[in-house]
Number of protein chains: 2
Amino acid sequence: MNTTRSGRPALTRPDGTALRVLVVDDDPDLSEVLTGALRYEGWQVRAAADGAAALAAARELRPDAVVLDVMLPDMDGFTVLRRLHETQPEVCVLFLTARDAVEDRIAGLTAGGDDYVTKPFSLEEVVARLRGLLRRAGMARRPEPEEDPGLVVGDLVMDEDAREVTRAGELIELSPTEFELLRFLMRNPRRVLSKAQILDRVWSYDFGGRAHVVELYISYLRKKIDAGREPMIHTVRGAGYVLKPVTG
Amino acid sequence: MNTTRSGRPALTRPDGTALRVLVVDDDPDLSEVLTGALRYEGWQVRAAADGAAALAAARELRPDAVVLDVMLPDMDGFTVLRRLHETQPEVCVLFLTARDAVEDRIAGLTAGGDDYVTKPFSLEEVVARLRGLLRRAGMARRPEPEEDPGLVVGDLVMDEDAREVTRAGELIELSPTEFELLRFLMRNPRRVLSKAQILDRVWSYDFGGRAHVVELYISYLRKKIDAGREPMIHTVRGAGYVLKPVTG
DNA sequence: GCCCCTTCTCAGAGGTGCCTCAGAGCTGGG
DNA sequence: CCCAGCTCTGAGGCACCTCTGAGAAGGGGC
């Protein structure tokens with residue numbers, strides 16, 4: 001079975017091979033980070049730095065999805081999208097855009113089921129949105145062909161579409177950051193995650209703050225998830241945190 | 001089963017295969033948006049930029065419906081329609097036209113069961129009309145052969161043809177925009193919809209306004225639908241809005 | 001047992017998102 | 001021509017969310 005670098009089972013194409021993703025951004029640092037994060041998901045990733053290179057790479061790679069910066073040195077992201085769709089109408093696109101930029105134009109052109117995130121974003125958000133896109137487009141299937149249960153760890157259940165979390169059937173209200181943090185934990189159960197790792201994945205890449213916020217948000221999550229119950233979030237002193245089912 | 005990108009079951013042809021739609025418009029941006037939105041419905045879509053290309057594509061695709069701009073660079077939309085009907089009399093046509101244009105001529109020519117929308121339109125409206133056309137023409141069937149319940153979420157019921165909405169049997173009067181917004185919510189129950197998504201789908205593609213109007217209309221809807229009752233419309237701070245039946 | 005370092009918790013400042021109200025512009029009907 | 005309904009803008013205000021700082025609590029090494 002195709003697996004991620006982290007050992008989790010990967011989201012794959014219907015035929016079981018790795019999903020193919022093309023990353024298009026002219027900032028080499030950002031491109032590097034994105035490429036790494038997506039490879040970590042077990043996907044086959046390729047990068048391009050401008051529109052022309054993107055179209056060329058797309059012809060060769062025939063990607064399932066494209067992560068596409070709106071501002072490219074040679075051409076508009078929308079032009080890239082249109083040209084892409086001419087030859088590969090099935091491809092999904094996730095736009096990257098500055099917050100106060102041409103957000104309305106983006107809005108208009110993503111109506112077809114594509115999506116966008118505004119910079120600065122967290123890697124967890126990009127990955128989540130990309131997974132959502134691919135899942136809805138029917139391009140991806142879960143490794144187990146049976147019913148997709150969503151994210152489940154013990155009696156803790158997360159419905160990403162409804163943005164709902166329940167423990168033992170009881171609804172738990174979470175703030176956006178709490179939700180992202182829990183999603184990251186639930187996608188890596190029984191695995192110790194360092195504060196640095198959490199900071200990298202859940203907080204925006206330009207976040208300058210210190211690891212103290214992670215401790216703080218872990219404590220928030222504990223209050224909401226572990227309050228009066230057998231704890232699922234455990235501290236591993238000097239290493240990080242781990243989420244485990246109660247009888248694990 | 002054939003499903004939409006959003007995960008909803010798709011409206012299909014009687015034999016269960018995907019409905020085939022041809023989009024004919026010379027504005028590449030608009031064509032792109034329409035194509036995406038219809039694909040999102042789970043349909044097989046193809047685009048053409050002028051009348052000649054449309055006729056050629058129609059011969060090949062043999063579409064169930066055509067979305068047809070009245071003003072094309074090479075020939076009149078009506079001419080396209082006439083030629084289309086020569087070879088494919090069964091095809092449905094949804095005209096796209098400017099508001100103050102030849103509206104009466106359209107009206108005359110759509111008496112045969114075709115329909116039209118005036119620019120600028122919302123995608124929700126185009127999709128709804130196309131679905132209506134196909135359903136009435138007997139070219140589509142609901143995925144479940146049993147009774148078509150229409151749009152129902154909890155005790156909230158929408159009759160799209162009569163443009164009537166009831167909650168707990170009580171009739172609720174809605175303005176056009178309120179109706180469109182509620183329809184979009186009801187077609188995506190238990191799913192958090194961002195303000196940008198809502199803006200894309202419910203407002204016209206050329207609407208430049210801010211997402212603030214969405215908040216405003218949500219508040220209107222709440223007053224009419226949730227007033228004095230268990231609320232069904234919920235705000236998910238930082239994410240969007242979600243419509244849920246009262247008991248879960 | 002003592003000390004040091006890590007982690008946890010609390011309280012509060014500042015920012016932001018969202019809701020609501022009031023009103024202007026527009027349109028269509030009487 | 002006036003009135004009614006609809007749509008959108010702008011401003012005000014509240015509530016929540018996020019992060020900072022400081023002190024308390026706890027674990028491990030010596």
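This is a predicted model, so every value here is computed, not measured. Convention: sequence-line order gives letters A, B, ...; per-chain numbering from 1.
- Separating the CD atom of B/Glu173 from the P atom of D/dA4 is a distance of 17 Å, rounded to the nearest angstrom.
- Between the CZ atom of B/Phe179 and the P atom of D/dT7 there is a distance of 13 Å, rounded to whole Å.
- For A/Glu215, taking side-chain heavy atoms from C-beta onward, the closest of the listed nucleotides C/dC8, C/dC18, D/dC17 is C/dC8.
- In this entry the distance linking CZ of B/Arg237 with C1' of C/dT16 reads 7 Å, nearest Å.
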Please tabulate, one pair per line, each protein N/O and nucleotide N/O from nucleotides 19-25 of chain D that are separated by under 3.5 Å, including the distance.
| unit_1 | atom_1 | unit_2 | atom_2 | d |
| --- | --- | --- | --- | --- |
| D/dC19 | OP1 | A/Trp203 | NE1 | 3.4 |
| D/dC19 | OP2 | A/Trp203 | NE1 | 3.1 |
| D/dC19 | N4 | A/Tyr220 | OH | 2.9 |
| D/dG21 | O6 | A/His212 | NE2 | 3.3 |
| D/dA22 | N6 | A/His212 | NE2 | 3.4 |

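- Of the listed residues (A/Asp27, A/Asp206, A/Asp69), just one forms a side-chain hydrogen bond (donor to acceptor under 3.5 Å, both in side chains) with A/Lys119, and that residue is A/Asp69.
- Nearest-nucleotide positions on DNA chain C place B/Gly238 closer to the 5' end than the other of B/Lys223 and B/Gly238.
- Applying the 4.0 Å criterion to OP1 and OP2 of C/dC19, one finds that B/Thr235 has a side-chain N or O inside that range.
- Of all heavy-atom pairs between B/Leu151 and B/Met186, the closest is O-CE, 3.5 Å.
- What separates CG of A/Leu181 from C1' of D/dT18 is a distance of 13 Å, to the nearest Å.
- Aromatic ring orientation, A/Phe207 versus A/Trp203: tilted (interplanar angle from 30° to 60°).
- Here the side chain of B/Arg222 is nearest to one of C/dT20, C/dC19, D/dC16, namely C/dC19.
- Considering all non-hydrogen atoms of both residues, B/Arg222 and B/Tyr241 come closest at NH2-CE2, 3.9 Å.
- Rounded to an integer number of Å, the gap from CD1 of B/Ile218 to P of D/dT7 is 14 Å.
- A 6.0 Å sphere centred on CZ of A/Arg210 holds no more than 12 heavy atoms belonging to other residues, nucleotides or ligands.
- Whole-Å rounding puts the A/Lys224 NZ to D/dC16 C1' distance at 10 Å.
- Taking 4.0 angstrom as the limit, B/Lys195 places a side-chain polar atom (N or O) nearer than this to OP1 or OP2 of C/dC18.
- A donor atom on one side chain and an acceptor atom on the other are not found under 3.5 Å apart for A/Arg82 and B/Thr35.
- Neither OP1 nor OP2 of D/dG5 sits under 4.0 Å from any side-chain N or O of B/Ser175.
- Atom pair A/Ile198:CD1 and C/dT7:P shows a separation of 11 Å (rounding to whole Å applied).
- Partner B/Arg183 forms a salt bridge (Lys or Arg N to Asp or Glu O under 4.0 Å) with one of B/Glu160, B/Glu178, B/Glu125 and no other, that one being B/Glu160.
- Taking atom CG of B/Asp226 as the reference point, atom P of C/dC19 lies 12 Å away to the nearest angstrom.
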